[in-house]
Protein chains: 2
Amino acid sequence: MKDVAARAGVGLKTVSRVVNGEAGVSSDTERRVREAITALGFRRNDSARVLRKGTTASIGLVVEDLADPFYSPLSRAVEEVARAHGALLINGSSAEDPERERELALALCARRVDGLVIVPASDDHRYLAPEIAAGVATVFLDRPPGRIEADMVLSDSFEGARSGVAHLIAHGHRRIGFIGDRPGIHTAKERLRGYRAAMAEAGLPVSESWVALGPTGSDRVRTDAARMLDGSGGAAPVTAVFSGNNRVTVTLVRVLAEPEWRGRPVALVGFDDFELADLLSPPVTVIAQDPADLGRSAAELLFRRLDGAEEPPRTLSRPTKLVARGSGEIPPPD
Amino acid sequence: MKDVAARAGVGLKTVSRVVNGEAGVSSDTERRVREAITALGFRRNDSARVLRKGTTASIGLVVEDLADPFYSPLSRAVEEVARAHGALLINGSSAEDPERERELALALCARRVDGLVIVPASDDHRYLAPEIAAGVATVFLDRPPGRIEADMVLSDSFEGARSGVAHLIAHGHRRIGFIGDRPGIHTAKERLRGYRAAMAEAGLPVSESWVALGPTGSDRVRTDAARMLDGSGGAAPVTAVFSGNNRVTVTLVRVLAEPEWRGRPVALVGFDDFELADLLSPPVTVIAQDPADLGRSAAELLFRRLDGAEEPPRTLSRPTKLVARGSGEIPPPD
DNA sequence: GTGAAAGCGCTAACAA
DNA sequence: TTGTTAGCGCTTTCAC
């Protein structure tokens, strides 16, 4: 910038004004400055600007896995809102590792992002308290923060799961399995709670061998599914399964498509919608969340905070929607 | 940092040494400094560090759409490589808009990212020449740069498409349609070239009404597909379709599942693999690329440049793989 | 082993 | 309309 000023024969501040489109520069000087900028290939160094202004026009996003079809539209939605506010998005995947979430979040804070959207992997966010106190707006998404108060945007996991299981019950099922994500994860617990509530409302007993929480890798899901389906867990075989998220659902679709179960169609309702669910045979009934809407809501709340909204922490709950397509309407064999 | 120094009763530089793990601090002073850091909730301001050191330990990634199932694993792979090198990832979507690509890329440069991975939407990247000259390592991914020389990592689109169309020909098809992305996009052109090459090799004529390039939105694809399939374009109806990318394939799967075509199964081979392709009926035969591998290769090349590799610009071509699943092996009705 | 001073490139505040 | 000065928070240099 100094070089530009020298070349244009003006003061530093004049160049700054031109670069930032501030008023108070005669069109002639402006032209000279612009010429010098082009000639020198000058581009403002935003690091210096950040240092001086104390604001970075960037926000951070921490999700579980950027490549997951649930998180990728969510990230894109956050990006669009950021863009509308002139901010860039720095994002990273925690890989469901609390330590990695922490590292990422703190690295983002060290870069002085203006705000942070976090899908937590950890259940203790006290490490963020100093940052939040120092002014980093923070919104938790999909899962609540642990041991601190903060804004959050959640899907109604409990009600979604409850209605999905009630749907299976309404179609005549009495023995229903639940396969969900790891038990430490808030949404997994809430969805399981919804399952239990629906069963209890209908006066149906739940065998503990029908309930399986754990990693969403396909091996674990296959094992648990097989146990429920063939009755080797000790209780009678289930006639329907409720799946806790899109990763589990995809594995279950594969399991249920295998020859051994083909003769005895098993009903399936999955939490989360996914692409092509309607073209499978049978098409898959789901409890749909809108990941883009979740991302957008969280980002908008974040920018409202950055614009100075000073209310106490808020919780936004987003509804889910049952999409009946076929797999959830298969009756039990009687 | 000044406050920490004051509180610990040491000099500024000593705090800096502790924070950065440099040698030359007695363990006693180190302890005092660490206490002050915790007490004050101090976190190094990386903007200042960047300003001083001239390097940001962050890289930028510009893709078409972060939410697209082709780009999201690619982004994740770039992120993992960045993480392994201690760098953060700033990324954005160009939405296939050259102006937006330019804005994003220049904004990233203004933040002084150390390097840039770009999936180009534009066909003229001369705007990046000053940045590259100024030391921003740049790798183009999936499509080559326009009007400048730079590193690039590409899939072998030509050979992939050629082999896919040859596969259809080997299964007896003589009238084959091609539906691809917009004609300005390099991969679309290459894949079309592959299609023409395979047809020519087999001595088959190509009616121009069998070829359709354009936006990947479902309306356009539906219209073009219907024209080829019912012969309303003037030429005889096609018995097979080759699809130029995963968005087009998904729409075609929907079109071909509709009642009007059910009676006359149409063969389909798609460029790009996608989740659940194997569970559709019929399962979809694809030319698979490995998006994660593309991302990883590009990022690794980028970091090799950042580590000082000084060779002239390189082009890496990644192979594709035909995955036969059923839809591409449907014979023509004779 | 430790610290003081200079300066990275920019913008805010104030002069002219 | 334009320029000058100070300083954002850190690291580098060099002296102690």
Side-chain angles (χ1 to χ4, degrees), chain A residues 1-37 40-58 86 106-107 109-114 130-131 134-136, chain B residues 1-34 36-37 40-58 86 106-114 130-131 134-136:
Chain A
M1 199 174 235
K2 207 174 48 188
D3 299 343
V4 175
R7 177 164 182 136
V10 301
L12 206 53
K13 181 62 200 176
T14 302
V15 178
S16 174
R17 279 193 260 261
V18 171
V19 168
N20 296 299
E22 287 168 32
V25 181
S26 76
S27 62
D28 185 57
T29 7
E30 171 165 356
R31 195 184 38 71
R32 287 216 319 284
V33 170
R34 291 211 180 281
E35 273 170 23
I37 286 177
L40 267 45
F42 167 83
R43 199 91 53 198
R44 180 179 69 198
N45 182 331
D46 278 356
S47 310
R49 168 170 236 247
V50 161
L51 182 57
R52 188 63 241 243
K53 301 198 71 155
T55 172
T56 54
S58 61
L106 290 179
C109 290
R111 309 257 163 153
R112 296 296 188 269
V113 291
D114 298 333
E131 312 294 340
V136 180
Chain B
M1 200 173 236
K2 205 174 49 188
D3 299 343
V4 174
R7 177 166 180 132
V10 301
L12 205 54
K13 179 62 205 177
T14 303
V15 178
S16 173
R17 278 194 259 260
V18 171
V19 168
N20 297 299
E22 288 168 31
V25 181
S26 76
S27 64
D28 184 57
T29 12
E30 171 164 356
R31 196 185 36 72
R32 287 214 322 283
V33 170
R34 290 210 182 281
I37 287 177
L40 268 45
F42 167 83
R43 200 91 54 198
R44 182 179 67 198
N45 182 329
D46 277 357
S47 311
R49 169 170 235 249
V50 161
L51 180 57
R52 191 61 242 239
K53 301 197 68 153
T55 172
T56 55
S58 61
L106 290 179
L108 292 168
C109 290
R111 309 256 163 153
R112 296 296 190 266
V113 291
D114 297 335
E131 312 293 340
V136 180

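In what follows, chains carry the letters A, B, and so on, assigned in the order in which the sequence lines appear, proteins first and then strands, with residues in each chain numbered from 1.
Rounded to whole Å, the distance from CZ on A/Arg49 to C1' on C/dA12 is 12 Å. Between B/Lys13 atom NZ and C/dG1 atom C1' there is a gap of 13 Å when expressed in whole angstrom units. Atom NZ of B/Lys2 is separated from atom C1' of D/dC8 by 10 Å (rounded to the nearest Å). Distance A/Glu22 CD to D/dT1 P: 13 Å, rounded to the nearest Å. The distance between atom CG of A/Leu51 and atom P of C/dA12, rounded to the nearest whole Å, is 13 Å. Protein atom CZ of A/Arg32 is 15 Å distant from nucleotide atom P of D/dT1, rounded to whole Å. If you measure from atom CG of A/Asp3 to atom P of C/dG9, you get 9 Å, rounded to the nearest angstrom. Residue B/Leu12 contributes atom CG, which lies 14 Å from atom C1' of D/dG7 at whole-angstrom precision.
For A/Arg52, the listed nucleotide lying nearest its side chain is C/dT11; candidates were C/dT11, C/dG3, C/dT2. With D/dC10, C/dT2, C/dG9 as the candidates, the nucleotide lying closest to the side chain of B/Asn45 is D/dC10. Between D/dT11, D/dG9, C/dT11, one nucleotide has an atom nearer to the side chain of A/Ser16 than all others, and that is C/dT11.
Taking each heavy atom of B/Met1 and B/Ser16 in turn, the nearest pair found is CE-CA, 3.6 Å.
A sub-4.0 Å separation between OP1 or OP2 of D/dG3 and a side-chain N or O of A/Thr14 is present. For C/dC8, neither phosphate oxygen OP1 nor OP2 lies less than 4.0 angstrom from any side-chain nitrogen or oxygen of B/Lys53.
Comparing B/Ala48 and B/Ser27, the nucleotide of DNA chain C nearest to each residue sits closer to the 5' end for B/Ser27. If you find the closest nucleotide of DNA chain C to A/Ser47 and to A/Arg17, the one lying nearer the 5' end belongs to A/Ser47.
Contacts of A/Arg44 with the nucleic acid, taken as non-hydrogen atoms under 4.0 Å apart, involve only primed sugar atoms and P, OP1 or OP2. A/Val10 comes within 4.0 angstrom of the backbone, heavy atoms only, and of no base. Residue contacts shown for B/Asp46 are absent, as no nucleic acid heavy atom lies under 4.0 Å away. B/Thr29 comes within contact range of the sugar-phosphate backbone alone, with a heavy-atom separation under 4.0 Å but no base atom that close.
Between the side chain of A/Arg43 and the base of C/dG9 there is no donor-acceptor pair of N/O atoms closer than 3.5 Å.
A heavy-atom distance below 4.5 Å is found between the side chains of A/Asn45 and B/Arg112.
Judged by distance alone, the side chain of B/Arg32 and the main-chain N or O of B/Ala8 form a donor-acceptor pair under 3.5 Å.
Note that CD of B/Glu30 is 9.0 Å distant from CD1 of B/Ile37, once rounded to the nearest 0.5 Å.
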Derivation and outcome, side chain to side chain donor-acceptor pair (under 3.5 Å), residues B/Asp28 and B/Ser26: CA-CA 5 Å; B/Asp28 184 57; B/Ser26 76; 5.4 Å; no

